[in-house]
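Everything on this sheet refers to the single structure shown next.
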Amino acid sequence: VRKQCQITSFFSPG
Amino acid sequence: MLELRLVQGSLLKKVLEAMKDLVTDANFDCSATGFSLQAMDSSHVALVALLLRSEGFEHYRCDRNITMGMNLNNVSKLLKCAGNDDIITIKADDGGDTVTFMFENPKQDKISDFEMKLMDLDSEHLGIPDAEYHAIVRMPSLEFSRICKDLSSIGDTVVISVTKEGIKFSTRGDIGNANIVCRQNTTVDKPEEATVIQMNEAVSLTFALRYLNSFTKATSLSETVTISLSSELPLVAEYKIADMGYIKFYLAPKIED
C-alpha cells in the first residue's frame, strides 16, 4: 500500500 | 495603483483554465517582477506556481506590492467573457477591495469591464529551494497529456521511471497493466517535437494520475513540458509561457507505507 505524501512535507513556509 | 495591460489576453484565459480545477481560491501577488501566484490544492498534494513577468505586459504599473485574493472559478467565468483576441487590462487601487478586468476587442469598438470583489485569504507561501534533479525530461506537451489520459483509463497511479533507455510510464488496474516508454528523440523536424532526457541518476517514483491529468490542462500554453524528477522531491511539470514566464506544477509522490 502506498501513502500519498503532501507538498508540505517537502517545502516549508517562508 | 495597479494597471497591467496584456495584449495577448488569451494567455490569461488559458492560465486560468489550467489552474481552476486544481485550486479554488488563491492570492495573486503583484510586484515589480511580475504577476505571480503560488497555491496548493485543497489536499496539499499538488502546488501550482505561476509567473508572468512584468516585461511581458505592454503596460505594467505596480506602485507597491499588492496581494489580491480571488476565487479562480469566478476569475475564469469573467475571463470567458473576453474574446480570444481581446486585450486584457487588470486594474486595482492600493488598499481597495476590488479588482477590475477590462477587455478591448481588436477593432477597439467594444470595451467591457468587470469588477470583482477581492477575498481575504490566509496565504501559506512555501519556500521552494533550487534543487538538482536526478532526471529532467523535455517532451511534447500533447504527448504527455495523451499518456496521462490513456493510462488513467487503466489505473489510478503511474510509476514514472527514467533510465538511459528513456522515460517509462507504467500503471496497473483491474483489467491489466500498461507501460509506455518514450525514448530520447532529437532527430525531429522541429525542436518542440523532441524528447530530450537529461539523467544524472536513474529515478523511479509513483504519482496519482488524477493530478497529472489536471496539470495537462496547461497543454495549450506550451508545445513542450519539462518534467523534473528526484527521489526526495515532488515532481515538477513546467510549461513555459512564451516571452512571459511559466506555470509549474509540483506533485508529491506516493510512497511505500
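Order of the sequence lines sets the chain letters (A, B, ...), proteins ahead of strands, with each chain counted from 1. Since we're looking at a predicted model, the values are computed, not measured. Below, all heavy atoms of this structure are taken into account, side chains as well, without hydrogens, waters or symmetry copies.
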More than 12 non-hydrogen atoms from neighbouring residues, nucleotides or ligands closer than 6.0 Å to [atom1] on [X], yes or no?
X	atom1	answer
B:Glu223	CD	no
B:Leu121	CG	yes
B:Arg146	CZ	no
B:Asp257	CG	yes
B:Glu256	CD	yes

If we only count heavy atoms from C-beta on, is the [X] to [Y] side-chain gap below 4.5 Å?
X	Y	answer
B:Pro253	A:Phe10	yes
A:Ser12	B:Leu126	no
B:Tyr250	A:Phe11	yes

Could you tell me which residues satisfy side-chain contact (heavy atoms from CB on, under 4.5 Å) with B:Leu118, sequence neighbours excluded, listed by chain and number?
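So B:Leu118 forms a side-chain contact (heavy atoms from CB on, under 4.5 Å) with B:Met68, B:Met70, B:Val99.
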
Within [range], residues adjacent to chain A where the heavy-atom gap is under 4.5 Å:
range	result
residues 207-220 of chain B	B:Ala208
residues 17-48 of chain B	B:Met40, B:Ser43, B:His44, B:Val45, B:Ala46, B:Leu47
residues 150-165 of chain B	none

Could you check B:Lys254 against A:Lys3 for side-chain contact (heavy atoms from CB on, under 4.5 Å), going step by step and ending with a plain yes or no?
CA-CA 5 Å; B:Lys254 297 186 92 164; A:Lys3 181 187 79 163; over 6 Å; no

Indicate the atoms forming the closest heavy-atom contact of A:Cys5 with B:Ala252, along with that distance.
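Distance-wise, the nearest heavy atoms are O-CB, 3.3 Å.
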
